[in-house]
Each structure stands twice: as C-alpha cells, then as structure tokens.
Amino acid sequence: MQAEELEEAFEEEAIQPLGRPAPRDLPPSILLSAGYDGRAEKAFLRLYEPSSQQIYIWYDNTGHLPYCISKRSPEELRRNEKLLSHQGFLTLEPIERYDALRDEKIRVTKIVASNPLAIGGQGKSGIRNLIDESWESYIRYYQNYIYDMGLIPGMPYRVEDGKLVEVEYELPEDVKERLSLLVEDEEAEFREQILEWARLLQHPVPHIRRASIDIEVQMTQADRVPNPEEALQPIIAVSSVSSEGLRRVFLLAEEGMEEDIIEGAEVEIFHDEKDLIQEAFRLLDEYPVILTFNGDDFDLRYLRRRGQRLGFSQDEIPITLGRKFAYLRNGVHIDLYRFFLNRAIQVYAFSDRYRENTLDDVASSLIGKRKLQLDFSTSSRMEVARYCLQDALITYELTAFDDDLVMKLMVLLSRISRMTLEDVTRQGVSRWILTLMEYEHRRRGWLIPNKEDILALKGETATKAIIKGRKYLGAMVKEPKAGIHFDVTVLDFASLYPSAIKNWNLSYETILCPHPEDRANIIPGTPHWACRRRRGLTSLIIGSLRDLRVKWYKPLSRDRRLSKEERVFYDVVQRALKVILNASYGVFGAETFSFYCPPLAESTAAIGRYAMTQTLEASEKLGIEVIYGDTDSIFLEQPREEQILELMEWSRKNLGVELDIDKVYRYVVFSRRKKNYVGVSQDGSVDIKGLTGKKRHIPPIIKEAFLQLTRILSGIRRPEDVEGAKEAIRELVERVYNRLRNREFELEELAFRVMLGRSLSSYETNPQHVKAAKMLQEQGISLGVGDIISYVVTQGGVKPVRLASKRDVDVEKYIEYLESMFEQVLEAFEMDLDQIIGRPRMKTLQSFFQR
DNA sequence: AGCTTTGGCGACGAGT
DNA sequence: ACTCGTCGCCAA
C-alpha cells in the first residue's frame, strides 16, 4: 500500500475546517459533525453554539488513534509480512473482550495505527483485508472516533480544560418519576436504558441557523441537464433563503436585460460570473447548515467544478466532493433530496403523503407550495431569478414548516442513530440501526461480531415462505368476509414486531443461545429457542424505544393539557421513533445488514402470527365477529364497547402488547381479495386500500374516474341513497366513455407511468414499459434504473408518450381498463356495472336469452 | 451508488 | 385456451 493511495482514499475527508476554534470556555454547543483535517492530520469536531449561532471547531488533543480488532494473537499477526509493511500501523496489543455470540470472554488483539490515514475503508485501502477474521474495523476514522469518544451527535457539549464534556441534562424529577413508574415492572437494565433514551430525546433541539441554496445554469438545449462534472455552461443565478428571513438572488447580467425588483428579496446583479460565484462561496461559508435539494449531485458539484474552471484555487472553494456527496469546509450540507428519498422517512414520518421525489411533489404535499413554471428557452433573466428564488424558498421551508419539524426530526434521528447530521440524512435505516448497535457494543466493551460468525452459529431459516423466492414465512392475512359491513372497529397492535423482539428477548446473541437449559423456551411456530439468562442487546434497545414511544411520546403528543409547542415536539420524537422501530425487524432479514440473522427475523414474524391467531381465537370466545385481519390489525364488525375493552385487556395480559383502536368506520366494503378494501369513516373520509384505481402507474384519466367513483360511493349513507349513486355512476362512466371514444383527451392523461426496476438489458421478459423504454433508447434517450417510463397503449402494442399521437391510442383497450377497475369496486358493493349502465351482460348464456 | 421484510393483487408475456 | 412466471405496486 503506497502512501499516495492512502492519501487518495482519504481525499474526501482531508478538508481544512474554517469555523473559529473552540475557546476554553465554550458555552453548551451541539455536536453537529466531525471531519478530518488532512494538513493537521487530526480529527476535528464541528460544534454549533446556539446563542451566537456560530460553528466552532474543536481539535482532538487526546492523541486518540484508530484501531481494529483481530481474533488472532499478536504473535500470529507478527508473522504477516504484508501487515507489518502496511504504512502507518504500529502496535499490537493483546486485550480481553466479551463475545456475546458465544457468551464468553476471549483474548483478541487490538491493532493500533500510528497514522490516522492507515485504517481506512474496508476495500483495498483498508487494513481489514490484511487480517482474516477481523471483528471490528474502521470505516471512517473520524466517524468512529466520535463513537469511541463516547460522543453523541446532536447532543450538547462544553469545552473544559481542553476536553469535551457532555452538558448534563437532568431530567426533571417528575418526568423521571413518571417514566420510572411506566416501566416499574421491568428489570434494572431495562429501566436504565429507558432513562438513557429519555435523556437524549427530552433534551430540546435548539433552533439552527441555516440557509438554502439553489443555482441555475445557462441552458444550451432545452431538455438537456447540464453536466456538473464538466460545468461548461455559466451559472446565471444563485438564490438563497435563510432562517433569518433573508432572501437573496445573485444574478448574472445579460445584454439588454431589464432590471426589475422581486418583492421581499434582494437581487444583486453581477457582470462577471466569477464575482457571482465568489459571493456564493462566501454564503456557503457563512452558515452552520446549508440546505439544498439535490446539491450532492448537482448544485454544489456544479459550483465547485465551475469554480475550478474559472480559476479559483483549492483554498478558495468551500466545497469538498466525495464520489457521491458534497461537503462543506465550515458547516454541514444537508441534501433534502436524499433525505426525502429515504423510504422510511417517506412512509413512516410523512405517511406516504408525497409519492414522487421531486421538489415540486414533496413541497406541494408537505407545505402546499409549488415550483414556478418556466420555459428556459424563452424566459427572461428576471424570470429565471424568480424561478430560482422560489426553489430556494421551498427548499428552506421544507425544513421550517410546523416549527422546524424536519430539522428537529433530523437532529433526533442523529441522536438515536449516533450518526452525524450529514450521514443520517444521506443513509438508509439499515445504516442507522447498524451504527446504533455498534455504538452500544463499544460502550459495553463487547466485540462486534462478523456477519459470517453470526450466520455460522445461528444458521438459516426453518420455515417456508408462501411466496417463492422469499426466505421465511411472514405475516398472516385473514380472508376477508366479502360484502358491505357497517360499524366496523379496527384494532391494531402497538408496534407488534418491536413488541415481539422485546417480550421474547430476541437478539442475534439470545436466539439459539448456547445454554442447554434455554432450549425448552421455544418460539411458537418455529424450532428456535430464545435465551432466558441474559437480556439480548437488540431486545433491550428496541424494546426500550418501543416502550418510550407507546407509553410516553405517543400519549404526550395527544395530551390536550400540554401546550401546542410541547405536543408538536413530542410528535416529532414519536415519529422519529416510529421510523427506527418499523425498520428494526426487517434489517435482521436483510443479507446486506451486518447483524444479519435469519432465525431472528423469522422468529419475529412467527410471534406476530402467533399474536394474530391467538387474538382471533380470543375474539371468537368473546363473541366478536372478526371480518378481516392483516399482520397486526383486526377488523371487528359491530363490536360492543365492553367486548372491545375485554379484548384489549386480554391482549395486554396474555400477549404483553397493547391493542389500540386505530379506526372506526361507518362502513367497510370488502371484495374477496386480501389487502383490498374501502372504508368510510364517521366524518365521511374515505380510506382506499390496495385497489388498482389508486396505484401510481395507472393513467390519470382512469385514476380520476376512480376518485369520482369513490366520492359517489362515500356519499351513500342510507339504503335509499343507492339508486341515486347508481345514476351518478352511470353518468360518470358515460362521460369517460365519450371522452375516450371522441378522443377528447391529452395524451398524458392516458399514460401509464411505470418505473424501470432494473437495467434494460437485465429483463427476463419484455413487459410493456420495457418495450416503450427500448423505443426511447433507440431515439438516443438514455435510461437508467429508477426512471419512470410514460407510455400509452396502441393498436397492437405500446408507444412512449413522447413518440405517440392521439391517433395511435387503442381506445377500446382503455375502456376495458376502466371497466375492470370499476368492477373491482362495484363488485364489493354488490353492484354490477353492466346493469348500472343498462347494458346486457353477454358473459352468460342466461343473460344472452334474457336479452 | 444507494438496498428493512413478507404477503397479495392485476396485468402481461411466454410457453404448452 | 390454459397455466405459470415475471414485473411493479401496494398493505402491513
């Protein structure tokens, strides 16, 4: 390994921090992130001081050096020539560690590097590949350094005598008392863990000074996105909106440009692009946090490359680029595109309110604001300025709405996962949980096991999945009772899988543990057993988080006695916990997860099925009719109040899980299909689950008709409403038929929009969207995974929307789609489309003769 | 490059 | 005409 290679591997971390050095008496400041200063060869921390709203830099003076751990003895390792010749590594230190997997203490070797660069990635440049069977190795020196120091990102610290000290946040006595009361039945370890979490979560999140930034680049062709690596086109506008209310546009002057003002914003005109960029760089240095929407891939990348092209020196450009990310030398760059792209955030924090990951879609769904429309080929420079400012504005507001909800959410996630803001906003849930687990291992002085070790000891799964290609048997779905049902109450288990993990002591080390006396403690529905002697780490962590969410944060977020601000904050905490908890089971079944443990995931799901079947039985005994159930929810038809209460009590007592009322429906309509129903609540709001008409890829014209259909149906309150509804449906169908037959539509309205799930060449079959994609490719349009293909169905095939015309459309085919979708719904209502629209049914002989 | 899981549905393509 | 597998999307 050559020194240059090492340097190269670390290029992205080798940045020069800018913020002012932390004074001896730095007031409480929030740990935002860490970096590695290549010149000083030192790790540093970025601290945000809320009263001055400044970033301070704290250099490490502890002489802390990176290390990794090997199972082999020092003697054995000394025989490894490659290892000895490895640049920068020095001492081999025999130590003892607890191996949770085998429940024993063992001797290992700690390999300490003298050069901070020496223990790097896990690839070629890492020391890991020189030692077989290593257990812990560093992915990024500075990052792990945070964990090793026992520091928690997002928490407040003070500098004292050149040392970093966490600012004690004592929970108020009454809070402590109430919390302890909630978990008084639990063992000491569990109670302590709860208090530890509460300390992290209760500590208020300070307001963080920040600004968004967005750039516009001169376009050559209207539909080509400029390449940020080349940065050939000039930057014509840079906009920024800050938390102090500043709205600025830096605009490059154009010949004959008419200068104008933008209400509420400062517009600064530049005649030299270099000056403009200079000003943008100054802005980036100015703020503790910079927000972008896709800044990793575009805005900051383009700014840096363009800056280089125009002759700025390395030191003048405040942006460092990794292969995938863009960082700043002073503050923290948060790319909101990446954050909102995260499925867990999308689904659990924002209940799937936005569907596509564009700024326009996310913003319009969350804050009700949209991008401006702009045609770049004809627009004036001032129009570009307005457009650019609007983007910066909504980017900022995405973090500011609901009292800085998103900012707080990110800081809380950073505390829970023990990751820096930069990392937690860019990486997925499996990384969050991994980092948290690693932290807890290090805190206890435990060895971090290798994936292979876990797999070798715990093995694979024992059950057979229903669906081919899956690894184990999952959740249970009860056959729905078809038809319409009035007064339906839906109960669901509070965090079913996390509860299973908690109550059955599931963890990678406690499942199939080595103790013979635990073998009788069988998980129902599996041949696996779980330990009774020690509390499992996963069970402890997930279990305590679960209890906090269910027993503390969720109730508080709805407690009317609290102020609105308090409730909102508790709601954010509650949501952050939800995001982590919901992913906590799945990761153990993911091969890519470092604590991959198939029997653990399998057991969790098995306990879920057990809870469901037991509850169905109990309901029957109580005389409640259960008309449907899926995974963790059951639908009860006209249950009496005391029946519900009894069932809830039964669940708490016998399963140790709270059963909550999730929904009360005026009526629910089931077809015979699972995961398909329409529920209408007391207030008339409609829940539609699984029905085709709702799916993302369905053409808008059909989706729209579907929406209107559900509106008509939700209006049905009494039996006598039915005739009117049928008439309305008939009119609706007629309208759409006519539009189709007369071709009174825009092509876009008929477009199926299907995502390319893999690369074009790797498809085994030739589905419609792939056919369309191939046609696009022939036109020289490059397509990749994740791209959405818009196509219409034509006579004898499909065509991409942009290559098709109205004449091509196979109208009859669309009528078929429409009918099949309508029938799916109407069938459940025991209505018949043919009958409603007065068309004889041709499908049976009987109807043929009746004609 | 990034990747939590299994169950279930409709539509289509490919083979018999 | 029928079955079976693939694909994408959704429920939980």
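Given the structure is predicted, the values throughout are model-derived calculations rather than measurements. In what follows, every chain begins at residue 1, and chains take the letters A, B, ... in the order their sequences are listed.
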Review point. Any side-chain heavy-atom pair from A:T320 and A:H333 closer than 4.5 angstrom?
Key: no
Practice item. Evaluate the side-chain proximity of A:Y814 to A:V793: yes if any heavy-atom separation is below 4.5 Å, no if none is. Key: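 A:V793 vs A:Y814: side chains touch.
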Check your understanding: Between A:F325 and A:Y327, how do the two ring planes meet: parallel, tilted or perpendicular, split at 30° and 60°?
Key -> perpendicular
Check your understanding: Parallel, tilted or perpendicular: which describes the rings of A:F350 and A:Y354, with under 30° parallel and over 60° perpendicular?
Key ->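 Rings of A:F350 and A:Y354: tilted, as their planes differ by 30° to 60°.
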Classify [X] by what it touches in the nucleic acid, base, sugar-phosphate, or nothing, heavy-atom distance under 4.0 Å.
X: A:Y817; answer: sugar-phosphate
X: A:R672; answer: nothing
X: A:K695; answer: base
X: A:R696; answer: sugar-phosphate
X: A:A601; answer: nothing
X: A:L581; answer: nothing
X: A:K324; answer: base
X: A:I466; answer: sugar-phosphate
X: A:Y677; answer: sugar-phosphate
X: A:T604; answer: nothing
X: A:N676; answer: sugar-phosphate
X: A:F593; answer: nothing
X: A:I433; answer: nothing

Review point. Among residues 754-773 of chain A, which residues get a heavy atom nearer than 4.0 Å to DNA chain B?
Key: A:N766, A:Q768, A:K771
Review point. Considering only heavy atoms, which members of residues 294-302 of chain A lie under 4.0 Å from some atom of DNA chain B?
Key: none
Taking only Lys NZ, Arg NE, NH1 and NH2, and the carboxylate oxygens of Asp or Glu, determine whether [X] and [Y] approach each other closer than 4.0 Å.
X: A:K478; Y: A:D630; result: no
X: A:E230; Y: A:R305; result: no
X: A:K324; Y: A:D297; result: yes
X: A:D423; Y: A:R431; result: no

Exercise for review: Name the first nucleotide and the last nucleotide along DNA chain B (5' to 3') that come under 4.0 Å of a heavy atom in chain A.
Suggested key: B:dA1 to B:dA14
[X] side chain to [Y] side chain, donor-acceptor N/O pair below 3.5 angstrom:
X: A:T425; Y: A:R338; result: no
X: A:E827; Y: A:S671; result: no
X: A:Y677; Y: A:D687; result: no

Check your understanding: With A:V678, which of A:V668, A:T710, A:L691 fulfils side-chain contact (heavy atoms from CB on, under 4.5 Å)?
Key ->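 So the option named by the test is A:L691.
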Output side-chain donor-acceptor pairs under 3.5 Å for residues 748-757 of chain A, partner residues at least two apart or in another chain, one line each.
from	atom 1	to	atom 2	distance (Å)
A:E749	OE1	A:R739	NH2	2.9
A:E749	OE1	A:E746	N	2.9
A:E749	OE2	A:R739	NH2	2.8
A:R753	NH2	A:E356	OE1	3.2
A:R753	NH2	A:E356	OE2	3.4

Review point. Does the gap between the ring centers of A:F670 and A:F635 come in under 6.0 Å?
Key: yes
Review point. Which nucleotide span of DNA chain C, 5' end to 3' end, has atoms closer than 4.0 Å to non-hydrogen atoms of chain A?
Key: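 Range of nucleotides touched by chain A: C:dT6 to C:dA12.
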Point to revise | 5' precedence on DNA chain B between A:G474 and A:V785 (nearest-nucleotide basis) | key: A:V785
Study note, to complete from the structure: Per nearest nucleotide of DNA chain B, the residue lying toward the 5' end, A:M821 or A:K675, is A:K675
Point to revise | P atoms of B:dC3 and C:dA12, separation to the nearest Å | key: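 26 Å, rounded to whole Å.
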Exercise for review: Let me know, please, whether A:D632 or A:K468 comes out on the 5' side of the other along DNA chain C by nearest nucleotide.
Suggested key: A:K468
May I have the list of side-chain donor-acceptor pairs in residues 582-599 of chain A shorter than 3.5 Å, sequence neighbours left out?
from	atom 1	to	atom 2	distance (Å)
A:N582	ND2	A:K578	O	3.2
A:S584	OG	A:L581	O	2.6
A:Y585	OH	A:Y472	OH	3.0
A:E591	OE1	A:K471	NZ	3.0

